[in-house]
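Lettering of chains follows the sequences in order, A, B, ..., and the numbering in each one begins at 1. Predicted, not measured: the structure shown is a model, and the values here were computed from it.
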There are 2 protein chains.
Amino acid sequence: MSTPVVDPATPAPGRTRRNRGSEVVRDALIDAAIVEFAANGFDGASTRRIAEAAGAHQSQIKYHFDTKNELWKRCLDRMIGELEAAIAAATDGHRDDPRALVEASIRGLVELAARRPELSRIMMHEATSDSERLAWLFETHTGRLRAPLDRRWGRLRERGDAAPIGSDVLYHTLIGAASLLYANAPEARLMGVDPADPAVFERHADALVALFLGPGSDDR
Amino acid sequence: MSTPVVDPATPAPGRTRRNRGSEVVRDALIDAAIVEFAANGFDGASTRRIAEAAGAHQSQIKYHFDTKNELWKRCLDRMIGELEAAIAAATDGHRDDPRALVEASIRGLVELAARRPELSRIMMHEATSDSERLAWLFETHTGRLRAPLDRRWGRLRERGDAAPIGSDVLYHTLIGAASLLYANAPEARLMGVDPADPAVFERHADALVALFLGPGSDDR
DNA sequence: GTCTATAATTAGATAGAC
DNA sequence: GTCTATCTAATTATAGAC
């Protein structure tokens, strides 16, 4: 065997960290960026702080994502994936019952809003003004996400089994009612409510189901 | 009379604008700042752009408000005043009927959210992370605003005349359902909904009243 | 793949002429 | 009260050593 010229496990002189592998660094940068973008918005976010929180150097963002914009997109890809997984998990096994399907979708939505408040925060930051990022978000993710909710809600209203809300305003009314409590958790805490408390989450989810779907068939 | 040394109506050489008076400049700066803060958040907002939009110079912000922070506070003072006026106008004459009072409050809230989407946008920007500005907002305005809604909602629930929502989560659930459509109007437009359409506003307000208060006594 | 050094912008704040 | 010019600090992006 030839003598290894470089041992990748040994930091070179002047280096403080050894290589961690591309996937690990990418993941750490996305994790840190999600928190930073959610707290400060796209403009307020600093790539230096993101890199620092991820234990990396600012220049590594250029290497792994090219620009701040692309890093932001990868953050959204990950979180939207989590949202779709949460809804899919909640609706699993309810394919035949439209009301149960919508109820499960609502509970999945609230569950993710509580677990990943960063998604709502970033969406609220971005959707307040027209931008290239908002257009990308709609074309890549939000447009697609809205469709199944629309269909299910339409079927439910035909049966007279849903609140009198047109499906055009349903999206923002439901998302707003479901996610503002968690997106604005720092404000809620000032008001004496702890959105991280599981009991608060339970009562909130129950309230939303009652609000949008009325008392369940079981209770009638 | 002595000869006037300076004629204030004549721009000095090299000046492009004459004096407009303190109040006019302050108002113009606040108007421009509200739009800029709402679109870009506090950090993303540029005092240079604000001044330019107001037809003033960046340095005049220092003169009239001292800092960017103080300018931001004056923006919120103005908008919260508008919100209180809208609710007061809507609830006027309903002091004796608790249900009508809450219904009017909801309609006043939606009316201002539609007319002044900047308020919701700025609140959503700020309430996503702890900051000195959020603390100021709570101490100066939002804490005070929440109290009467809490009281009225409690009375209504005792009578069994309201949706099953605890008053702790009511605030964010109602505000979210009422304002996200307007705060995120650019996104709604991409989805084919125009929140500026009066018909949309009417149906949305009716839906919220039905959602939170159930069918009115008239309809029973 | 990692890191240092730095270029190019832009920000808010400020001093002082008028 | 207005405006120009400038200061200091922070930003993203980039070039090149290792």
key: A:Arg78 CZ to A:Arg26 CZ distance, which is reported to the nearest 0.5 Å   = 9.5 Å
query = Any ion pair linking B:Arg107 and B:Asp206 (charged N to carboxylate O, less than 4.0 Å)?
reply = yes
query = How many Å lie between NE2 on B:His64 and P on D:dC3, as a whole number?
reply = 10 Å
task = State whether B:Glu84 and B:Arg144 are salt-bridged, where the test is any N-O pair (Lys NZ or Arg NE/NH1/NH2 against Asp/Glu carboxylate O) under 4.0 Å.
result = yes
task = Could you list by number each residue of residues 38-47 of chain A showing a heavy-atom separation from DNA chain D of less than 4.0 Å, or answer none if no residue does?
result = A:Ala45, A:Ser46, A:Thr47
message = Nearest whole Å is fine: how far is C:dA11 C1' from B:Phe37 CZ?
response = 13 Å
inquiry  = I'd like to know if A:Lys73 pairs up with A:Asp77 as an ion pair, taking the criterion as any Lys NZ or Arg NE/NH1/NH2 lying under 4.0 Å from an Asp or Glu carboxylate oxygen.
reply    = no
query = Would you say the side chain of B:Tyr171 lies within less than 4.5 Å of the side chain of B:Asp150, judging by non-hydrogen atoms?
reply = no
query = Got more than 12 heavy atoms from elsewhere within 6.0 Å of CD, A:Glu52?
reply = no
key: Minimum-distance nucleotide to A:Lys68 side chain [options: C:dT2, C:dG12, D:dA13]   = D:dA13
D:dA5 phosphate, OP1 or OP2, under 4.0 Å from B:His57 side-chain N/O = no
For atom CD1 of B:Ile50 and atom P of C:dA13, their distance in whole Å = 11 Å
ask   = Any side-chain N or O of A:Arg49 under 4.0 Å from OP1/OP2 of D:dT11?
value = yes
What's touching nucleotides 14-16 of chain D from the protein side, N or O pairs under 3.5 Å?
residue	atom	partner	partner atom	Å
D:dT14	OP2	A:Lys62	NZ	3.3
D:dT14	O4	A:Ser59	OG	3.2

request  = On the 0 to 90° scale, with breaks at 30° and 60°, tag the B:Phe37-B:Phe42 ring pair as parallel, tilted or perpendicular.
outcome  = parallel
query = CD of B:Glu52 versus P of C:dA11: gap in Å, rounded?
reply = 10 Å
message = In this structure, how many angstroms lie between the P atom of C:dA13 and the CZ atom of B:Phe65, rounded?
response = 13 Å
key: B:Arg116 CZ to B:Arg121 CZ distance, which is reported to the nearest 0.5 Å   = 11.0 Å
remark   = Note: for B:Val25 and B:Arg48 on DNA chain D, the residue whose nearest nucleotide lies more 5' is B:Val25
inquiry  = Nearest whole Å is fine: how far is C:dT4 P from A:Ile61 CD1?
reply    = 15 Å
Name the atoms and distances for all side-chain donor-acceptor pairs under 3.5 Å in residues 174-192 of chain A, with sequence neighbours left out.
residue	atom	partner	partner atom	Å
A:Ser179	OG	A:Ile175	O	2.5
A:Tyr182	OH	A:His204	ND1	2.9
A:Glu187	OE1	B:His172	NE2	2.9

